[in-house]
Chemist: 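I'd like to ask some things about the structure below.
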There are 2 protein chains.
Amino acid sequence: MPTSPSNISKAPKTLNDLKARIADEHQSLSKRLQQVARYFLDNPKDIAFGTVAVISKDAGVHPSTLVRFANAFGYSGFSEMQRIFQQHLLHESPSYKDRISMVRETFGEDDGSSVRLLEQFASANSATLDHLVGELDYSALEKAEGLLQQANHIFIMGVRRTFVVASYLVYALRHADRRATLIDSVGGMTMEQAGNMRHDDVMIAVSFHPYAEETQRVAQQALDAGVPLILLTDSELSPLAARASAKIIVREAEVHGIRSLSSSLCVAQALSVSLATKNK
Amino acid sequence: MPTSPSNISKAPKTLNDLKARIADEHQSLSKRLQQVARYFLDNPKDIAFGTVAVISKDAGVHPSTLVRFANAFGYSGFSEMQRIFQQHLLHESPSYKDRISMVRETFGEDDGSSVRLLEQFASANSATLDHLVGELDYSALEKAEGLLQQANHIFIMGVRRTFVVASYLVYALRHADRRATLIDSVGGMTMEQAGNMRHDDVMIAVSFHPYAEETQRVAQQALDAGVPLILLTDSELSPLAARASAKIIVREAEVHGIRSLSSSLCVAQALSVSLATKNK
DNA sequence: TGCTTTTTGGAATAAATTTTCCGCGATTGG
DNA sequence: CCAATCGCGGAAAATTTATTCCAAAAAGCA
């Protein structure tokens with residue numbers, strides 16, 4: 001006879017299910033177990049991190065009571081139950097990592113068919129966008145917006161993979177009535193274009209791994225000229241991160257070794273429309 | 001001599017301070033420690049919950065390296081450092097849903113706020129991607145794939161809003177080892193570039209409302225030269241639709257008068273990866 | 001190249017945490 | 001009021017987890 005006889009049903013796998021079960025069975029529990037139940041419902045976060053020792057002390061019960069509590073709900077022990085609380089904190093919304101990895105499993109082995117691939121990319125990109133909202137550093141976004149607001153002229157650079165983002169930014173910022181120049185390398189005049197920057201301008205560099213050297217060089221030149229740098233990148237460890245006035249870090253989905261740009265473009269959209277509405 | 005000699009300064013007490021320190025000293029660390037640093041910055045949540053064993057496995061280093069890493073930043077051990085990550089999750093960031101509403105309060109509800117806009121764009125784009133899977137005409141996609149498969153050279157054109165998609169296609173197709181040329185208008189030589197097309201080539205035109213005239217003219221020229229046309233557009237009534245060999249129709253989200261490109265780019269991804277896998 | 005210093009990974013150690021076991025005490029039903 | 005049952009807490013055992021130590025490898029330097 002492993003646990004409580006009334007609970008033959010399996011242990012809940014999500015925090016919401018578990019909470020519901022706890023609430024349901026609350027009155028059928030013993031006094032101490034009710035005490036634990038209340039504490040669990042009221043302090044889910046402490047459960048997620050705490051050890052049996054501290055939780056039991058905080059809840060005013062004996063350590064073994066916690067184990068009994070977990071057993072009463074079908075778990076093998078406290079640790080297994082705790083994992084539910086942790087996972088909830090870990091990926092709150094319709095989990096991101098799970099969704100991405102599910103993409104691979106659900107759609108099975110790649111037959112190379114473009115249909116399959118489209119499904120995979122679509123759901124991966126969609127998941128990333130959902131996550132973007134929760135992960136982005138909004139103060140950085142607002143900082144960038146402020147800088148752009150005051151800029152006399154905006155210079156934008158991104159090469160290879162990020163060229164798309166850079167060119168979209170130019171397009172969108174011009175629609176927001178900002179003066180924007182894309183530093184492309186047409187005619188090999190990269191540095192000449194970059195040389196035009198003045199201290200009341202702003203530069204936006206879009207630089208993802210492996211951090212193209214051209215962009216770094218131009219950004220460095222901008223910094224030397226006293227031009228504030230807005231960096232749109234994929235990591236805090238991006239080479240220019242230390243010197244940027246505002247660094248916006250976005251995580252992009254990767255499927256089949258190809259990284260998307262959905263999130264970056266989304267940020268670009270938000271930024272430029274925001275500026276558009278602030279035009280007087 | 002307890003730890004690294006260069007770090008006499010005290011261990012950071014908040015996650016932001018710690019992250020900053022890690023970013024700062026990243027390049028002065030040893031190879032393995034850099035590896036850890038990157039993992040820490042990229043996966044803070046996993047650090048908060050994981051045990052030394054699983055984290056070190058995920059980060060691809062030896063358990064003792066994690067302890068050394070913590071020591072290098074002035075902590076007595078990994079656990080002490082981990083507590084920083086936990087505390088951040090504990091109160092700094094309440095939870096995604098809470099965070100979003102908190103962000104709203106902090107930055108206001110007004111539609112001009114870039115935060116609010118980001119939310120709107122992200123959810124609109126995400127929703128569009130989810131719909132894409134159900135709405136796309138897959139036979140058109142496969143037709144396009146077949147054409148590209150056999151093409152000697154691929155010419156791609158898109159201007160203004162669709163320039164982004166066109167340039168992404170070029171980038172991606174080249175990565176799939178296809179010969180691809182973007183018909184831009186550098187030097188005003190649009191028609192000269194287009195004049196290169198031969199009957200065994202293929203042209204991709206990306207043309208959304210209001211259907212730029214330049215693209216139509218070039219596509220017409222391609223058709224006249226017997227070049228099959230793949231059309232990526234937003235409506236069956238697109239001017240070139242009637243004459244295209246394959247027409248892929250995607251619907252894009254619109255927020256605040258700005259149309260996205262997520263779906264188009266997603267199609268472009270699928271198409272090019274599909275081609276890449278079929279290279280022999 | 002040969003030597004010194006630093007870094008790394010393996011194994012052993014130490015610490016902590018969780019779980020089990022068992023007897024005591026309270027509660028309930030006869 | 002007594003007996004059976006259930007719940008509880010104390011303490012030890014078992015397991016997991018973090019840390020230290022040391023030798024080998026790598027990197028830097030002369």
Side-chain angles (χ1 to χ4, degrees), chain A residues 1-8 11 18 22 25-40 43 46-87 90, chain B residues 1-8 11 18 22 25-40 46-87:
Chain A
M1 175 170 35
T3 65
S4 141
S6 58
N7 297 312
I8 310 143
L18 176 53
I22 294 178
E25 303 185 16
H26 181 261
Q27 55 209 24
S28 71
L29 296 171
S30 75
K31 201 175 68 180
R32 278 289 125 97
L33 256 40
Q34 283 188 9
Q35 198 176 333
V36 176
R38 172 163 291 278
Y39 188 84
F40 270 48
N43 310 67
D46 297 298
I47 307 297
F49 290 108
T51 68
V52 176
V54 325
I55 296 170
S56 62
K57 197 164 69 89
D58 286 359
V61 300
H62 192 270
S64 56
T65 308
L66 293 188
V67 179
R68 270 195 288 271
F69 184 79
N71 288 336
F73 287 92
Y75 300 97
S76 73
F78 171 78
S79 301
E80 191 179 318
M81 190 179 199
Q82 187 180 41
R83 221 157 289 139
I84 306 292
F85 285 80
Q86 294 182 340
Q87 290 203 1
L90 199 51
Chain B
M1 170 173 37
T3 67
S4 142
S6 57
N7 296 311
I8 308 142
L18 175 54
I22 294 178
E25 302 186 17
H26 178 257
Q27 56 211 23
S28 71
L29 296 170
S30 76
K31 201 175 68 181
R32 277 291 121 94
L33 258 38
Q34 284 188 8
Q35 200 175 329
V36 175
R38 178 166 291 277
Y39 187 85
F40 271 48
D46 297 296
I47 307 297
F49 291 107
T51 68
V52 175
V54 324
I55 296 170
S56 62
K57 198 163 70 90
D58 286 358
V61 301
H62 192 269
S64 57
T65 309
L66 293 188
V67 179
R68 272 194 289 269
F69 183 80
N71 288 336
F73 287 91
Y75 300 97
S76 72
F78 170 79
S79 302
E80 190 179 320
M81 189 179 201
Q82 187 180 42
R83 221 156 290 141
I84 306 292
F85 285 80
Q86 294 181 341
Q87 290 203 359

Chemist: Mark up nucleotides 3-9 of chain D, 5' to 3', with B wherever a protein heavy atom is under 4.0 angstrom from a base atom, S wherever such an atom reaches only the sugar-phosphate, and - elsewhere.
Modeler: ----SBB

Chemist: Using atom CD of A:Gln82 as one end and atom P of C:dT17 as the other, report the distance to the nearest whole Å.
Modeler: 11 Å

Chemist: Does B:Gln27 CD have over 12 foreign heavy atoms under 6.0 Å away?
Modeler: no

Chemist: I'd like to know if the side chain of A:Gln82 reaches the main chain of A:Gly50, judged simply by a donor and an acceptor atom lying under 3.5 Å from each other, with no hydrogens or angles considered.
Modeler: yes

Chemist: Could you give the NZ-to-P distance, from B:Lys57 to D:dT17, as a whole number of Å?
Modeler: 13 Å

Chemist: Rounded to the Å, how far apart are B:Phe69 CZ and C:dT6 P?
Modeler: 20 Å

Chemist: Measure the distance from CG on B:Leu66 to P on D:dT17 and round it to the nearest whole Å.
Modeler: 14 Å

Chemist: Does either side chain, that of B:Arg32 or that of B:Gln35, offer a donor lying less than 3.5 Å from an acceptor on the other one?
Modeler: yes

Chemist: Taking atom OG1 of B:Thr51 and atom CZ of B:Phe78, what is their separation to the nearest 0.5 Å?
Modeler: 8.0 Å

Chemist: Between B:Phe73 and B:Glu25, does a side-chain contact (heavy atoms from CB on, under 4.5 Å) hold up when you go through it step by step?
Modeler: CA-CA 9 Å; B:Phe73 287 91; B:Glu25 302 186 17; 4.0 Å; yes

Chemist: Find the distance between CD1 (B:Ile47) and CG (B:Leu66) and round it off to the nearest 0.5 Å.
Modeler: 7.0 Å

Chemist: Mind calculating the distance between CZ (A:Phe78) and C1' (C:dT20) to the nearest angstrom?
Modeler: 17 Å

Chemist: Starting from P on C:dT17, measure out to CE on A:Met81 and report it in whole angstrom.
Modeler: 20 Å

Chemist: So, the side chain of B:Gln86 versus the backbone of B:Phe49: is there a donor-acceptor pair under 3.5 Å, distance only?
Modeler: no

Chemist: Start with the C-alpha gap between A:Met81 and A:Leu18, add the side-chain angles, then the distance that decides, and say whether side-chain contact (heavy atoms from CB on, under 4.5 Å) holds.
Modeler: CA-CA 9 Å; A:Met81 190 179 199; A:Leu18 176 53; 3.8 Å; yes

Chemist: In Å and rounded to the nearest 0.5 Å, what is the CZ to CD1 distance from B:Phe69 to B:Ile22?
Modeler: 4.0 Å

Chemist: Can you sort out which residues in residues 47-56 of chain B have a heavy atom within less than 4.0 Å of DNA chain D? Ascending by number, please.
Modeler: B:Thr51, B:Val52, B:Ala53

Chemist: In whole Å, I'd like the distance from the CG atom of B:Asn71 to the P atom of D:dT19.
Modeler: 8 Å

Chemist: Let me know the distance between CD of A:Glu80 and C1' of C:dT17, rounded to the nearest Å.
Modeler: 17 Å

